[in-house]
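Everything below concerns the one structure shown next.
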Amino acid sequence: MENAIPPHGTSLGNDPADDAESLLADIADAVLRRRAASGWTSARSGFWHRVEPPHWTRRAQGWKLHVSATPLSSPVVLARAAEVLVRRGCPFKFAAGLKEVVLLVSRNYDRGGAGKFITAYPAGDDECAILAEELHRATAGLPGPKILSDRPWRPGSLVHYRYGAFTGVPHLSNDGALEPGLRAPDGTTVADQRQAWFSPPPWAGPPPSPSPEPDREPEPEREPAPPGTTVLLNDRFVVTRALKHSNKGGVYQATDQLTGDEVIIKEARAHVGGALTDTDSRDLLRSEAATLDALAPLGLTPRKVDLFAQGDNLFLAEELLPGTSLRVWVSDLLGRLNHRQDYAHTLGLDAGTAAELAGKVIDLVSAVHGRGFVLRDLSHNNVMVAPDGTLRLIDLEAVAEPGRPVIRAYTPGYGAPEVVFAPDVGPSPERTADLFSLGALVFFLITGIEPDLIQDLPRADARGAHDRLMLLTDTVGHSHPTLRRFAPLLSGLMADEPERRWSLERAREFVRSLPARPVARRTPGDRITPATRDRLLRDGLAHLIATMAGQEAPRLWPPGPLPDDSDPLNVQCGAAGVLAVLVRAAQADPGLCPGLDDAIRRTAHWIDARLRTVPKILPGLYFGRAGTAWALHDAAVHLGEEPLAERALALAHDLPSTWPNPDVCHGAAGAGLTTLHLWQATGEPALAKRALAYADALVETVQRRQEGIFWRIPADFPSGLAGVAHYGFAHGIAGIGTFLLLAGTCLGRPDYVELAAEAGAALAEVAILERGRAWWPSGERPDGRERLTNWCSGSSGVGTFLVRLGLVTEEPRHLELARQAAAAVRQDRWYSLPVACHGLAGNAEFLLDLADATGDARYAGWAGELAAAVHARHALHDGRMVVPDQSLQGVSAGYNTGLAGVLGMLLRLRHGGPRLWLPATPGLRR
């Protein structure tokens, strides 16, 4: 559910905060004027507004202060805190607007950063204590959430403190995260970790501490309970496990000591989840408890067990219902059905089963409406399927009476237009809003596909949700006869105008009569048309060019769904990946989009100016600087700028010659692929020598077990991937095997080819084969049977390797297994994201590989089907046809995570040519 703040890439609608964007800045500036603080600067910087005195000394790290606030209290908190900070000459920053404050206290904000409305940077630790006490007194009695990463200055204080980076020490993790670090006493740099609990580094020194308040005994420090400690709530409920943690609070399973029953306990933290109202998540939990009582006679919801406060937080204990969410249940059911069917019809829920399920959901909604309520947030997440097949409603905090003042709530893809574009706070919608959500839910339960489509922008030019959803329905329906039969119901329920939506009774009658209805006519097809493909290409390239930042910007394009701490020059979501696609487009068709060469030149020079700005150079192809060198060299050759090409080659020579991580994305195999490509481009012997060195290192680190060879990332290597052994292309055997295969073929080393063949045999050993399809798990797991199809960790990436292995070794079994991988990839097209790393763009690239290798045009046709699935989720931004990134909530540029990778695939579908980020492979015609 979305509460007050919509997902990445969407509009806040008619948010009252829009009218007060400068309110907080005006307050800070008024304090500066009142204090006659000459020389101070006050300016917005992205999410934050910074206020700084002249000539202040920037400390790298130390104890710093945070002051929390609610959206309603933030103007008063800022006015009082700024008086203290300006008078003391202390620099500070604050959330720049009320919308930002709403986000900081929202229910799903990152727990390590939530609630930090003001950050103050004291000149020293002694001053930190003085400032903390003055800020505490200035803001005492005002509301604000507890900051989980910090320690409160005094019990109940808005003022908190933690040890962390001010300017910080430049730090780049081995996984490519770029952020301010901390300098340890031994001179090493460590990450400034923002945990959801107070965790200063052990060498930080004593924290500032307040003097005892008169007539009050100091409270003992409360540290987090160690693992294994029994947690007792309300002297009644023994917590047995935590099911979920969020900024709102935890969800726990517990045992009721009074009855012995298992219960679910939901926590609502004080002052979290509020908008510009005096309500917060505790009010929503009280509302849910009242709803459970009101709906109890229906027997369709969990039974309320207890509602109680403990400390400042509120808890709701309710009956633990057996079963699983409709989302998981439908996905499991369709998975079982699809694995038994031929891949030509990938979505096979029969009409009878679909009608039975739809009828049960209609009855649920009808029962709630009969009690005078509107659900507001009906989705696959809050319908539970019991073991006997009956349905129950769960997570009912959004249920309300029509017209009652509420905070906006909806799940992306399931919210009616009048909900999505409503003010953050306003009257509850009418029951007709649930009819739209019902249509979206029926679409999901038939197909298992999320009906979530990103918004057109600007909103004034937006198409209706109904027409866009019908495009998705028509395209999916080509291979789904049940969906075609349900199309009239979906169209009727999901009308844009509430008054035009079908009633529940009409929907129920349609479902009852469905078995007698003929199957609707098959739609024209689900392969992308040349005109649509070309428009996606032109518009996508124009969008990249139009959204490029200036030469002084820290990033040319925002990273989208990934954190802002990723390397802005990398391939994964940075400028190098976009640059490679721009170059490929200009080479394929210079007239495809105006301004291509200028955009290439601007991007290449922006990258060139920042080649040496990181604390260390990482070797990975996607997260390191290997891909940066590759893209920059290709761009320099295209532009005819020889000095730029030389600097790109110099960067390649400066990649680490050895690296503990052997993979493509982060490690040695990625650097090896880059040096091999650059050797092919230049013939420079030193590059061939470096490629051989990377391959030799991989030969030395290979390990063997019963099912075959593998590579493991060392367990003591500082990385989030430490200790893992993967099968896929990004982090495992397939990618490493591809580099060894190409190095052996191009550099005359048959021993590398033999080791690559062993890698192929190992992958064949762990393949999951069913009815002509092949899947792979990501790597070692207790069950090891997950069926993945993406480039990163599944069939697409493994198939990419097997195609090349089959061509080089002329072993038919490798190409046959690649064909089976292709069948699995095709089947999964409607369950995949649009992007290259974990989705359709990367999967279509593999299908084009297979078409090139075998000469079988049907695989290129399958790639066209995947492109049609991408198009079905498109939006129009400023009149341009664009597709969502891997979040499905916005549009971003990154190659593996966003638009650039999709465009790279479409270029190849249209113009042919080699695959990006792989050296030339003997035997592939394109």
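All of these numbers come straight from a predicted model, not from anything done at the bench. These values consider heavy atoms only, across backbone and side chains, with no hydrogens, waters or symmetry-generated copies.
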**Asked** Using the benzene-type ring in the case of Trp, are the ring centres of His380 and Tyr414 under 6.0 Å apart?
**Response** yes
**Request:** Begin from the C-alpha positions of Thr897 and Asp885 and carry the test side-chain hydrogen bond (donor to acceptor under 3.5 Å, both in side chains) through to its verdict.
**Result:** CA-CA 6 Å; Thr897 59; Asp885 57 31; over 6 Å; no
**Request:** Answer yes or no: is there a donor N or O on one side and an acceptor on the other, between the side chain of Asn382 and the main chain of Ser379, under 3.5 Å?
**Result:** yes
**Prompt:** Any luck finding a side-chain donor-acceptor pair between Ser325 and Asn381 under 3.5 Å?
**Reply:** no
**Message:** Would you say CZ of Arg500 has more than 12 non-hydrogen atoms from neighbouring residues, nucleotides or ligands within 6.0 angstrom?
**Reply:** no
**Flag, side chain of Arg880 to backbone of Leu536, donor-acceptor distance under 3.5 Å** = no
**Message:** Measuring from atom CD of Glu397 to atom NZ of Lys266, what distance do you get when rounded to the nearest 0.5 angstrom?
**Reply:** 6.5 Å
**Separation of Leu899 CG from Ser892 OG (nearest 0.5 Å)** = 8.0 Å
**Prompt:** Between Val825 and Leu847, is a side chain to side chain contact (heavy atoms under 4.5 Å, CB included) present by the stated rule, with each step listed?
**Reply:** CA-CA 8 Å; Val825 161; Leu847 294 174; 4.3 Å; yes
**Ser331 OG to Leu445 CG distance, which is reported to the nearest 0.5 Å** = 11.0 Å
**Prompt:** Got a second to check how far Glu288's CD is from Ile394's CD1, nearest 0.5 Å?
**Reply:** 9.5 Å
**Request:** Examine distances only and state if a side-chain atom of Arg908 and a backbone atom of Glu845 form a donor-acceptor pair shorter than 3.5 Å.
**Result:** yes
**Request:** Check whether any side-chain heavy atom of Leu840 lies under 4.5 Å from a side-chain heavy atom of Leu833, and answer yes or no.
**Result:** no
**Message:** Could you tell me if the side chain of Leu441 sits less than 4.5 Å from the side chain of Leu378, heavy atoms only?
**Reply:** yes
**Message:** Among Leu903, Val891, Val883, exactly one meets side chain to side chain contact (heavy atoms under 4.5 Å, CB included) together with His543. Which residue is that?
**Reply:** Val891
**Item:** Verdict with reasoning, Ile362 to Val365, per side chain to side chain contact (heavy atoms under 4.5 Å, CB included)
**Value:** CA-CA 5 Å; Ile362 291 170; Val365 176; 6.0 Å; no
**Prompt:** Does the Asp828 side chain pair with the main chain of Tyr831, one donor and one acceptor, at a distance under 3.5 Å?
**Reply:** no
**Message:** To check you understand the geometry: which heavy-atom pair defines the closest contact between Phe421 and Gln455, and what is its length?
**Reply:** CE2-OE1, 3.4 Å
**Side chains of Arg910 and Leu537 in contact at under 4.5 Å (non-hydrogen atoms)** = yes
**Item:** Check against side chain to side chain contact (heavy atoms under 4.5 Å, CB included), Ile449 and Val476
**Value:** CA-CA 9 Å; Ile449 299 168; Val476 178; 3.7 Å; yes
**Prompt:** Just checking, is any N or O donor in the side chain of His480 or Thr447 under 3.5 Å from an acceptor N or O on the other one?
**Reply:** no
**Non-hydrogen side-chain atoms of Ser832 and Asn843 separated by less than 4.5 Å** = yes
**Request:** Could you grab the distance from atom NE2 of His838 to atom CD of Gln886, nearest 0.5 Å is fine?
**Result:** 7.0 Å
**Asked** Rounded to the nearest 0.5 Å, how far does CG of Leu292 lie from OG1 of Thr301?
**Response** 5.0 Å
**Request:** Over all heavy atoms of both residues, which pair between Arg468 and Arg463 is shortest? Give the atoms and the distance, please.
**Result:** NE-NH2, 3.1 Å
**Asked** Which atom pair, heavy atoms only, marks the closest approach of Pro302 to Glu318?
**Response** CG-OE2, 3.8 Å
**Prompt:** Do Leu295 and Phe373 come within less than 4.5 Å of each other through their side chains, counting heavy atoms only?
**Reply:** yes
**Prompt:** What do you reckon, is CZ of Arg327 surrounded by more than 12 foreign heavy atoms closer than 6.0 Å?
**Reply:** no
**Request:** Using a strict cut-off of less than 4.0 Å between a Lys/Arg side-chain nitrogen and an Asp/Glu carboxylate oxygen, indicate whether Glu505 and Arg508 qualify as a salt bridge.
**Result:** yes
**Ser246: partners by side chain to side chain donor-acceptor pair (under 3.5 Å), with sequence neighbours left out** = none
**Prompt:** Does any N or O in the side chain of Arg501 come within less than 3.5 Å of the main-chain N or O of Asp496, such that one atom is a donor and the other an acceptor?
**Reply:** yes
**Asked** Short question: side chain of Ser366, backbone of Asp363 - any donor-acceptor pair under 3.5 Å?
**Response** no
**Prompt:** Would you say the side chain of Thr789 lies within less than 4.5 Å of the side chain of Arg829, judging by non-hydrogen atoms?
**Reply:** no
**Prompt:** Is the side chain of His874 donor-acceptor paired with the backbone N or O of Pro884 at a distance under 3.5 Å, no angle test?
**Reply:** no
**Asked** Hey, does the side chain of Arg773 reach the backbone of Ala823 with a donor-acceptor pair shorter than 3.5 angstrom?
**Response** no
**Message:** Any non-hydrogen side-chain atom of Phe510 less than 4.5 Å from a side-chain atom of Trp502?
**Reply:** yes
**Prompt:** So which heavy atom on Gly879 is nearest to which on Arg535, and how close?
**Reply:** O-NH2, 3.1 Å
**Item:** N/O donor-acceptor pair under 3.5 Å between Thr475 side chain and Leu471 backbone
**Value:** yes
**Request:** Begin from the C-alpha positions of Leu490 and Val442 and carry the test side chain to side chain contact (heavy atoms under 4.5 Å, CB included) through to its verdict.
**Result:** CA-CA 8 Å; Leu490 302 180; Val442 171; 3.9 Å; yes
**Complete:** Scanning both residues in full, the closest heavy-atom pair of Val330 with Gly448 reads CG1-CA, 4.0 Å
**Fill in**
On a heavy-atom basis, the closest approach of Asp434 and Val374 is OD2-CG2, 3.3 Å
**Message:** Quick check: do Lys248 and Asn108 have side-chain heavy atoms less than 4.5 Å from each other?
**Reply:** no
**Polar side-chain atom of Ser491 near backbone of Ala487 as donor-acceptor pair, under 3.5 Å** = no
